[in-house]
Each structure stands twice: as C-alpha cells, then as structure tokens.
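Residue numbers start from 1 in every chain, and the chains themselves are labelled A, B, ... in the order their sequence lines are given, proteins ahead of strands. Values in this document were obtained by computation on a predicted structure and should not be read as measured data.
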Number of protein chains: 2
Amino acid sequence: MEKLAAILIVDDDADVRQAAALALAPHVDRIESAASPEEMVERLTPGKFECVLLDMNFLPGERSGRAGIDALAAIRQADPALSVVLMTAYGGVHLAVESLKRGAQDFLLKPWRNDALAAAVTAATLRTRAERSGMPLEELERAAIGKALAQHDGNIAQAAAALGLSRPALYRRMSKHGF
Amino acid sequence: MEKLAAILIVDDDADVRQAAALALAPHVDRIESAASPEEMVERLTPGKFECVLLDMNFLPGERSGRAGIDALAAIRQADPALSVVLMTAYGGVHLAVESLKRGAQDFLLKPWRNDALAAAVTAATLRTRAERSGMPLEELERAAIGKALAQHDGNIAQAAAALGLSRPALYRRMSKHGF
DNA sequence: GGCAAGGTGTCCGTTTTCGGACAGCGGCGA
DNA sequence: TCGCCGCTGTCCGAAAACGGACACCTTGCC
C-alpha cells in the first residue's frame with residue numbers, strides 16, 4: 001500500500017516523539033512533531049495533515065488527560081475532517097470512553113505496540129481522506145432516499161414527507177437512482 | 001422532561017435486570033428485558049425501542065465481552081438507528097475502545113451509578129430519535145454545500161466539482177440556501 | 001357489505017433548472 | 001509589462017422537474 005502523506009505527532013517527551021516517528025517512518029511520507037498543544041495549533045494548516053497522534057498530558061506529574069481532551073476539541077473545531085488518535089500511559093476506561101465520544105478515532109495506551117500504532121494511524125488517515133473527499137450531492141440523495149424508504153418500510157407517502165418531497169418527485173428520484 | 005418511550009435491558013442476571021429497571025423507571029415509560037442475546041433478537045421489532053442497555057457476558061465465568069460485541073453487531077445490522085449502551089463488570093480500556101469503535105453509544109462499568117446510567121440511556125435515546133427522524137433533502141443539501149465550501153475555502157469551481165454540480169447550478173443552490 | 005382512510009402509480013400544463021458561453025479579474029512567471 | 005491560467009458572476013434558449021389531480025387498491029372498522 002502506498003504511504004500516508006503527512007501526520008503530526010504531539011507529545012511533550014522528545015523520546016516519545018522520536019520513537020513514534022521511527023515506528024511510523026515506514027508508513028508515512030512526512031512526519032512533523034509538536035511538543036505542546038500550543039505548538040500543535042500553530043502547525044495545523046487546513047489540509048496539511050491526514051492524522052494527528054496526540055498525547056494527553058503535557059505537564060510533569062499531570063495524569064488526568066484533560067489537556068488532551070481540550071486539544072482534541074480544538075482540532076475538531078479547526079478541522080472536523082482531521083482524524084485524531086489519542087495516546088496516554090494513564091488512561092482508564094472512563095477517559096477512553098470520553099475520548100471516543102468526543103470524536104477521537106482511536107485511543108492507545110503507552111507503551112504501544114508498533115503494529116497497533118501503525119494500524120490505528122492508517123485507519124484514522126483513511127477516515128480523514130473519506131471525510132475530505134465528501135460525496136457528490138447525487139450520492140447523498142441516493143443514500144438519503146434509501147434510508148428513508150428503509151425507515152418507513154417502503155411507504156412512499158411517508159418517505160416523501162420525511163424527505164420534504166412530493167410523492168411524484170420522490171418517484172422520479174427513485175427511478176433516477178434505480179430504486 | 002418527558003419520559004423516554006421504551007428501552008430493552010439485556011442481561012443474564014435477573015437481579016441486574018431488576019436493578020436497572022428500578023433505576024430507570026422514573027425516566028422511561030416502558031422497560032422490557034431479555035436474559036440473552038437470542039431473546040433480545042426476538043424482541044427487537046423495528047422502531048419499538050429507543051435504546052438497548054446490553055450486558056457483555058452471558059455465561060458463568062465468561063469475561064471477554066465477545067458476546068456483547070457480537071450482539072451489538074446484530075443490533076446495528078438489524079436497526080442501525082437504534083442506540084446501544086454497553087455495560088460490563090470486566091471491561092478494560094481495549095474493550096471500551098473496541099465497543100465505541102463498533103458503534104456503541106456508551107460503555108458503562110458495573111456497578112453503575114444510577115444517575116450516570118440514566119444520563120447514558122437518555123443521551124442514547126436522543127441519538128436514536130435524531131437518527132430516526134432523518135433530514136429533509138433540502139437540509140442535507142444545505143449542509144453538504146456548506147461543508148464543501150468550507151473544505152475548499154470558498155472556491156466555487158472546486159466545491160461545485162466536489163458536489164457533482166455545474167458552477168451556475170451551485171450558484172443557484174447557494175442562493176436558495178442563503179450562502 | 002359498505003365506508004373511510006391511507007395507500008398506490010401516473011398525467012400534463014406550468015414552472016424551474018440546466019450548463020455552455022460570455023465578459024471580466026487577479027496572481028504569477030517570463 | 002504582458003500573457004496565461006484559473007477564478008469570478010451572469011445570461012438565456014432548451015430541457016427537465018414540478019405537484020395537484022385523477023383513478024384505483026387495500027385494510028380496518030362499524
């Protein structure tokens with residue numbers, strides 16, 4: 001498989017940044033690093049990265065993961081299509097659940113296994129690409145019609161109402177899309 | 001706030017089913033129970049429930065959570081709009097992460113706090129309602145156009161191409177939607 | 001058995017949308 | 001300074017889509 005384009009590694013520990021970069025080097029064309037969420041924000045140009053690998057604690061002794069959750073929120077606000085993989089040495093179930101609910105693509109415990117790290121970053125990158133490519137309106141329409149018909153058990157009148165269409169209009173679009 | 005309509009509690013332990021039903025009774029009109037994923041499948045009529053509260057282990061001594069993951073997959077296949085909250089006494093970070101990645105809305109450890117249980121089930125129910133209501137095509141179109149314009153920094157030619165529209169057609173729809 | 005309600009699929013005069021073409025602008029490189 | 005490229009916004013004859021109305025069907029209830 002071809003290499004991923006560019007990812008950003010965000011960790012206060014230089015050794016961790018280097019270890020992650022080495023683990024990912026066979027899979028990724030360009031790897032940049034930031035030592036803090038502030039530096040991360042400076043490096044985030046829209047469209048530049050396909051994935052952010054993000055630590056959750058940036059102060060000595062800090063273990064709550066709150067900084068990582070906040071940084072995740074900042075990324076999602078700046079570029080909702082950009083996928084984030086979180087990593088921490090101190091995560092429990094609650095932090096993992098909160099992370100994924102707030103939009104992280106994956107959550108890894110340190111120390112990681114290199115193959116798991118590569119798999120998580122690759123999957124996240126594919127999701128970023130899918131998000132960025134978007135869909136032509138025609139495909140969105142086809143998907144929405146299929147979903148409405150399924151949701152209403154094939155009842156044309158109800159599906160049309162749910163979609164905001166008249167029945168003849170829905171018939172025409174169903175024909176167009178091969179339903 | 002008005003009560004949730006109906007939820008299904010799936011757990012092999014009758015005491016757990018009862019405790020959960022008692023905890024949720026103030027918030028939910030109708031609560032049904034199943035003692036196994038097989039029984040759960042029998043009870044799942046499309047549109048009947050707004051949330052499933054699902055245990056992850058159904059055999060004495062079993063702790064892997066695999067049965068719950070399989071049951072989650074069955075629900076998501078039968079009714080993708082239906083939200084699932086998973087619960088287990090034996091879950092670690094890996095199981096929690098896998099659960100959410102496979103589509104669970106939340107993941108709770110036993111023994112739960114009643115307020116956390118009610119909050120999770122309520123949030124899941126709201127997500128089910130949102131999924132079921134769907135969106136009129138016009139709103140899907142508006143959202144897709146907004147997203148494409150943002151993704152392409154306001155470049156009309158590129159956004160039109162991404163959406164599968166000609167430029168004049170995109171201009172007309174932008175006008176219609178107030179862009 | 002009849003009636004009402006809500007469903008089905010199609011029609012056609014009217015309305016809306018289509019996209020190639022046009023004119024013009026700004027940035028960049030030679 | 002000039003030319004090229006890719007962008008912008010609009011036009012208009014042609015094509016497509018619109019939805020109220022029509023005719024008919026099925027189911028459930030009295």
Interatomic distance where CG belongs to B/Leu137 and P belongs to D/dG19 [whole Å] | 12 Å
Could you state the CZ-P distance from A/Arg173 to C/dT10, rounded to the nearest angstrom?
-> 18 Å
Regarding the side chain of B/Pro168, the nearest nucleotide among D/dT10, D/dA17, C/dT8 is D/dT10
Calculate the interatomic distance between B/Leu170 atom CG and D/dT8 atom C1'; express it in whole Å.
-> 13 Å
Select one nucleotide: of C/dT8, C/dC18, D/dC7, the one nearest the side-chain heavy atoms of A/Ala157.
-> C/dT8
Return the minimal non-hydrogen interatomic distance between A/Ala35 and A/Arg17, and the atom names on each side.
-> CB-NH1, 3.4 Å
Roughly, in whole Å, what's the span from CZ in A/Phe179 to P in C/dT8?
-> 16 Å
Any A/Arg172 side-chain nitrogen or oxygen under 4.0 Å from OP1 or OP2 of C/dC11 | no
Quick one: is B/Arg167 getting a side-chain N or O under 4.0 Å of the C/dG19 phosphate, OP1 or OP2?
-> no
Sidechain N-carboxylate O distance under 4.0 Å for B/Glu50, B/Arg132 = no
Is the shortest side-chain N/O distance from A/Asn155 to OP1 or OP2 of C/dG7 below 4.0 Å?
-> yes
Would you mind reading off the distance between B/Met174 atom CE and C/dT17 atom C1', rounded to a whole angstrom?
-> 17 Å
Could you give the CD-to-P distance, from A/Glu138 to C/dT17, as a whole number of Å?
-> 17 Å
